[in-house]
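Note: hydrogens, waters and symmetry copies are ignored here, and every other heavy atom, side chains too, is used.
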Amino acid sequence: MSADIAIDQLDEAQARAELARLADLLAQANAAYHREDAPVFDDAEYDALKRRNAEIEMRFPHLKRSDSPSEQVGAAPSEGFGKITHAVRMMSLSNAFDDEDVVEFDQSVRKYLGAPGEIAYTAEPKIDGLSLSIRYEMGQIIHAATRGDGEIGENVTANALTIADIPQTLDGAPDVLEVRGEVYMSHADFAALNARHAERGGKTFANPRNAAAGSLRQLDPEITHARPLKFFAYSWGELSAPLADTQTAATRRLQALGFQINPLTRRFTEITDLIAHYHNIEAQRATLGYDIDGVVYKVDDLALQRRLGFRSTTPRWAIAHKFPAELAWTRLEAIDIQVGRTGALSPVARLTPVTVGGVVVSNATLHNEDYIAGRDSKGGEIRGGKDIRVGDWVEVYRAGDVIPKIADVDLSKRPDDAVPFLYPTVCPECGSEAIREEGDAVRRCSGGLICPAQAVEKLKHFVSRGAFDIDGLGAKQVEQFYKDGWIKEPADIFTLRDRFSTGLQQLKNREGWGEKSANSLFDAIDVRKTIPLAKLIFALGIRHVGDSSASLLATTYGTWDAFEAAMTEAQIGVGTQWEDLLAVDGVGAVMATSVITAFHQEAERASIDRLVAHLTVVEAAKPKNDSPVSGKTVVFTGTLEKMTRAEAKARAESLGAKVSGSVSAKTDLLVAGPGAGSKEKKARELGIETLDEDGWLALIGTA
DNA sequence: GAGCCTCGAGTTCG
DNA sequence: CTCGAGGCTC
């Protein structure tokens, strides 16, 4: 059989046939494995097939099949890359900008754990590349995904396979292992790559990070193969068995499996030592041979990491201590005012283009009125109280290496005729009065939907990701349609097809629009006529109601009819509807007022009604959580010995319980430690179930 | 009332 | 990514 032919003796036709055969076999094997019935092959056989497949692909990259087994999981990417949902979310890290932030980090860890004694931390350079998660099952690489938004990343398996630092098979790994780390390019390789490109007259990359990102996201793996990418492992996602008890041991284990671990990783028990190591690494920055942008500290003990857990997007047990940002001087040419969806006037600095941290910056945010004036919103000084004037020389940096901001003003170079910036009190877009509420940092246009800028921004929000997300109808198209007078409010989107049976002709005549694209736009719009309640509420763009609050409202009220009826009947500050709204955990008076107002203002309400008439709104599912405490209100009292309050609360909430501070008739369960007093007495009077700490831990299954 | 945490709304460039 | 502010806890 062809399986016996050595790979380097295969001709093209044989290779093609062999790849087809392997794809078929491995697909069967995967199906069997995932159904957990009798595996077709044992591990060693599977392993050998997978390796053979990869090796043939390596030799004949152009023969690689679209359904290649090396890219298993998820749909075959038809356009660009397929998506992969991370089994375990890829978190980001919170940042420390100075030594004091690091001390505070340590204090918050200790406070959360409650007098834990000595705590060891690891410190490692933060590589400036892009993060990658690589999944292995039974020692075989299954897929590799970029971080994406943390939940869903892009399938770059074929490209990851070409990186020498990424093993294709692992010996002695847990059955399921997701290895996480950073893909990067060394300075030397970056320079050589750019030199090669320049020679051929091609475009060069601005910095190693862009080169690494551009290389990993090549659609043709052969190109990626020719790019010298490297990989450091530092973390993991899903695991079928623990790697070790500590961060240090776990990364050593990854090293033993064949991954590169950064050699400057150390373990310390004193914060002063962490900070000393930070400065040590900083001193070596120029000679490392690759870009780093800080040092990451992690609690070493994985049991403590587990106890500390996560905030919404960041772990409590790690922090990135960033190096000071790169700075550059340039001239401020103008200050423009943009008007946002809520009417907020935001100033933007137009700069003489300047390179900062490897990219050319020509705009920078100026935040608000006070920032320009050199005051913070409480009247204190920022930037030494220097105001910013058009014509000034300003020092620019990229906050978080992303958003350009102004750090300083050089008064010695200020032109004699420079005058303080006069912040407009009238909306530059519609001429309505722009009002700054007492105690508010932003000035807002009072024009509402009369203001074209607000109307357009609201429409852009309506079609954005997370809201209606209509394929082919992005910010640009919305702007154009608004200018044409075809779409003035969200409801107009859903009558486009009908109203433009004649207009289609016009649409087709416009550049970039053929009959096909116009029809696919209309189809994409029709698809979204059925919309989940949460997305609809979010799409309305009510101030103070974002993604998360919209979901909250949706699950609280369940249906559009219930929500709409409640908001219509509700009165601000009084009545049962108001009380019900405020009883929702996470809704306060400000948000409640904002929502109710939207449903009571005539024009806005009419617009909402016109929109909803076109839609089928999908009921919001009640959050189902089958933990024994989900939906229960729990109160903790007395001294907890195995966990701190914050920890107990976070754990209970992650299981779907609501944690309250005081016992009332609504309380379902009291957890009382030693020293419990009046709360326990009250619970007894009310006949509320009471448990001690061990009873609670047993109940939630972590005794 | 202060202090945390989370969310919302703003922003840049490739 | 950051700032400001809303909401909740102590």
Give a yes or no on whether a salt bridge exists between A:Arg209 and A:Asp293, defined as a side-chain N under 4.0 angstrom from a carboxylate O.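 So A:Arg209 does not pair with A:Asp293 through a salt bridge.
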Kindly list each side-chain donor-acceptor pair under 3.5 angstrom involving residues 582-590 of chain A, sequence neighbours excluded, with atom names and distances?
none

Which nucleotides of nucleotides 8-14 of chain B have their base under 4.0 Å from a protein heavy atom (B), which only their sugar-phosphate (S), and which neither (-), written as one string 5' to 3'? SSSBBS-
Contacts table for residues 445-453 of chain A: side-chain donor-acceptor under 3.5 angstrom, sequence neighbours left out:
residue	atom	partner	partner atom	Å
A:Ser446	OG	A:Glu433	O	2.7

With side chains defined as the heavy atoms from C-beta onward, is the minimum distance between A:Phe538 and A:His461 less than 4.5 Å?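 Of all side-chain heavy-atom pairs linking A:His461 with A:Phe538, at least one is under 4.5 Å.
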Side chains of A:Glu437 and A:Arg444: does their closest heavy-atom pair fall under 4.5 Å?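 With C-beta onward as the side chain, the pair stays apart.
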Rounding to an integer number of Å, can you tell me how far [X] [atom1] sits from [N] [atom2]?
X        : N     : atom1 : atom2 : result
A:Asp440 : C:dC3 : CG    : C1'   : 13 Å
A:Leu552 : C:dG7 : CG    : C1'   : 11 Å
A:Asn368 : C:dT2 : CG    : P     : 16 Å
A:Arg443 : C:dA5 : CZ    : C1'   : 18 Å
A:Ile372 : C:dC3 : CD1   : P     : 16 Å
A:Leu582 : C:dG6 : CG    : P     : 14 Å

With sequence neighbours excluded, give me every ring-ring contact (aromatic ring centres under 6.0 Å, His included) pair touching residues 323-344 of chain A.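 Residue pairs with at least one partner in residues 323-344 of chain A: A:Tyr278-A:Phe323.
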Between CZ on residue A:Phe468 and CD1 on residue A:Ile531, distance to nearest 0.5 Å: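 Reported value, rounded in 0.5 Å steps: 4.0 Å.
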What pairs with A:Glu457 under salt bridge (Lys or Arg N to Asp or Glu O under 4.0 Å), at least two apart in sequence or on another chain?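 Once residues adjacent in sequence are excluded, the partners of A:Glu457 under the salt bridge (Lys or Arg N to Asp or Glu O under 4.0 Å) criterion are A:Lys460.
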Report the nucleotide, chosen from C:dG6, C:dA5, C:dC8, that has the shortest atom-to-atom distance to any side-chain atom of A:Asp585.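 Given the options C:dG6, C:dA5, C:dC8, the side chain of A:Asp585 is closest to C:dC8.
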Among residues 572-580 of chain A, which ones have heavy-atom contacts with DNA chain C below 4.0 Å?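 Contacting residues: none.
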Should we say atom CD of A:Glu104 is surrounded by more than 12 heavy atoms from elsewhere, each under 6.0 Å from it?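 Counting other residues, nucleotides and ligands, CD of A:Glu104 exceeds 12 neighbours.
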Distance below 4.0 Å between A:Lys322 side-chain N/O and C:dC1 OP1 or OP2: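 Result: no.
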